[in-house]
There are 2 protein chains.
Amino acid sequence: MKSQLSSSTEDYVKTIYAFTEWQDAPITSSQLAARLGVANSSVSEMVRKLKDLGLVDHRPYGAVRLTEEGRRVALTMVRRHRLLETFLVNELGYSWDEVHVEAELLEHAVSDLFVERLAAKLGNPARDPHGDPIPTAEGTVPRIDAHRLRELDPGHAGRITRISDENPELLRYLAHERISLDTEVTVVRRKPFGGPLVVRIDEGGASRDFDVADEVADAVWVRSGQPHQGCTLEPGA
Amino acid sequence: MKSQLSSSTEDYVKTIYAFTEWQDAPITSSQLAARLGVANSSVSEMVRKLKDLGLVDHRPYGAVRLTEEGRRVALTMVRRHRLLETFLVNELGYSWDEVHVEAELLEHAVSDLFVERLAAKLGNPARDPHGDPIPTAEGTVPRIDAHRLRELDPGHAGRITRISDENPELLRYLAHERISLDTEVTVVRRKPFGGPLVVRIDEGGASRDFDVADEVADAVWVRSGQPHQGCTLEPGA
DNA sequence: CCTAGTATTTAGGTGTACCGAAAAAATGTG
DNA sequence: CACATTTTTTCGGTACACCTAAATACTAGG
């Protein structure tokens, strides 16, 4: 059942999964190639191998979809990645813009035993430092009920529950602008024709307006209602 | 200066270093092959590459010796390995027979930043859970002043300061026999012609005699004098 | 000091994961 | 709906780290 996959294989599966985590529509060959930073021809070849391994469904010229087994592998990788990020931030004092690359390397080197011991030590967190849900060991993904900042209409208020970890520079920028998980925002003005989105930010009484760049509006997720509950929810919760 | 070495390269260098850590005499091709579990021909080829990288000195049919640069790399790997082992035991509740394999995988995946943050968190230990000295980031190896149990004469008393981590089964056996770091032993009888070495073990008042198998006598190191100081000495100490 | 035996290297070959270039299939547009 | 464009696949080729088998160099015994 677990024939030990190469770290390339793990990366492909994780990337395929990640593509559909926050949207529908399966990933195409060239999108996969772009995200992995390899040539299209490499993807064609590798996808055939993944299919032989039973990890993806794919027919020539079609999109690539994970099988149940592939999804299981992907969730294992995502769990590893996010637990490692949490560890790096909570225990080793990394800042949230530093953890992604480090976790990317480590996730291929840790054993299941390591992951479960680490999860226990961290208190079985349900979210990582960027607010991304950490799949359970059994393959359940905690539901995250939030929307991209970009999609919100004026007047909509809520708390930031997720910030994509893909771009460290963006994370540093947001930290510099004092925007983080749990920051309360209210949409003031929706993008007209190419104009900026503006949000109002509560800061213990005072408030300021903030121009949201397109990239930021895509990377930041907001939830109205309950506050973000940090990194230490109970496992089954 | 740091052109990123493959994990194979790291393993070769580490293995070459390890061979001379507790004895003199440089390692030969076939010894290297045996320890790495690869064919002699693979070693020949790889040693040539290591030479091209400036990590070893070697002329055909001669032994393999690390260069200064090679030694630096090896110490980096050993530092990583032993800090990781310490982490696994101290923070994740691994037992000392479980850590070696896990550390072997992780040591190729961690960054220098990770290692130094980890070292700081662990309190810059000078010894790992088996009593092996942890090289400093600057490449200094804390002196360990001990002898193999095998080499001790009757009457010699001391504390166990090191137990080789290479054989997990042996470690489990010793744990089962209630022998660990800091156990006080006195050599009762030295091996006559193939007969067993016997040590007396103090156990808070009571004492028992223990037959030491050959393999154990090679793996256990004893120091007379000060007690083993645990895993939290100061860096420069 | 020559030879039998062992240690080491060379030669040729494998699998994985990548590449660029060329061929083939799918897609969009007049 | 045919053709040009884009996307995907196929086709040689490369680097790495390993292998077995064959050739070569050391080394110890007679």
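Residue numbers start from 1 in every chain, and the chains themselves are labelled A, B, ... in the order their sequence lines are given, proteins ahead of strands. Both backbone and side-chain heavy atoms feed into the values below; hydrogens, waters and symmetry mates do not. Note that the coordinates shown come from a computational prediction; the quantities given were computed from them, not determined experimentally.
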Students often mix this up, so state it plainly: with edges at 30° and 60°, are the rings of H130(B) and W96(B) parallel, tilted or perpendicular?
parallel
Expressed in angstrom and rounded to an integer, what is the separation of [X] atom [atom1] from [N] atom [atom2]?
X      : N       : atom1 : atom2 : value
N40(A) : dT8(D)  : CG    : P     : 7 Å
K49(A) : dT9(D)  : NZ    : P     : 15 Å
L5(B)  : dA17(D) : CG    : P     : 10 Å
Q31(A) : dT6(D)  : CD    : P     : 16 Å
R59(A) : dT8(D)  : CZ    : P     : 13 Å
E45(B) : dC16(D) : CD    : P     : 10 Å
Y61(B) : dA28(D) : OH    : C1'   : 18 Å
R48(B) : dA17(D) : CZ    : C1'   : 13 Å

Using a cut-off of 6.0 Å, state whether more than 12 heavy atoms not belonging to E151(B) lie near its atom CD.
yes
Is it the case that atom CD in E21(B) sees more than 12 heavy atoms from other parts of the structure closer than 6.0 Å?
yes
Pairwise 5' ranking along DNA chain C for P60(A) and Y12(A), keeping only the more 5' one:
Y12(A)
Using a 4.0 Å cut-off to any heavy atom of chain A, which nucleotides of DNA chain C are the first and last in contact, reading 5' to 3'?
dT16(C) to dA26(C)
Have a look at [X] and say if it touches a base, only the backbone sugar-phosphate, or nothing, with a 4.0 Å heavy-atom cut-off.
X      : value
G62(B) : nothing
S8(B)  : sugar-phosphate
A39(B) : base
S44(A) : base

Which nucleotide, dC26(D), dT10(D), dA17(D), lies nearest any side-chain atom of T9(B)?
dA17(D)
Between S41(A) and dT9(D), is there a side-chain N or O to OP1/OP2 distance below 4.0 Å?
no
Electrostatic pair E98(A):R117(B) at N-O distance under 4.0 angstrom
yes
With R71(B) as the cation and Y17(B) as the aromatic partner, state whether NZ or CZ is under 6.0 Å from the six-membered ring centre and within 45° of the axis.
no
Which of R79(B), R80(B), K121(B) passes salt bridge (charged side-chain N to carboxylate O under 4.0 Å, His left out) with E116(B)? It is R79(B)
Got a list of side-chain donor-acceptor pairs under 3.5 Å for residues 33-59 of chain A, not counting sequence neighbours?
residue: K51(A); atom: NZ; partner: H58(A); partner atom: O; Å: 3.1
residue: H58(A); atom: NE2; partner: G62(A); partner atom: O; Å: 3.3

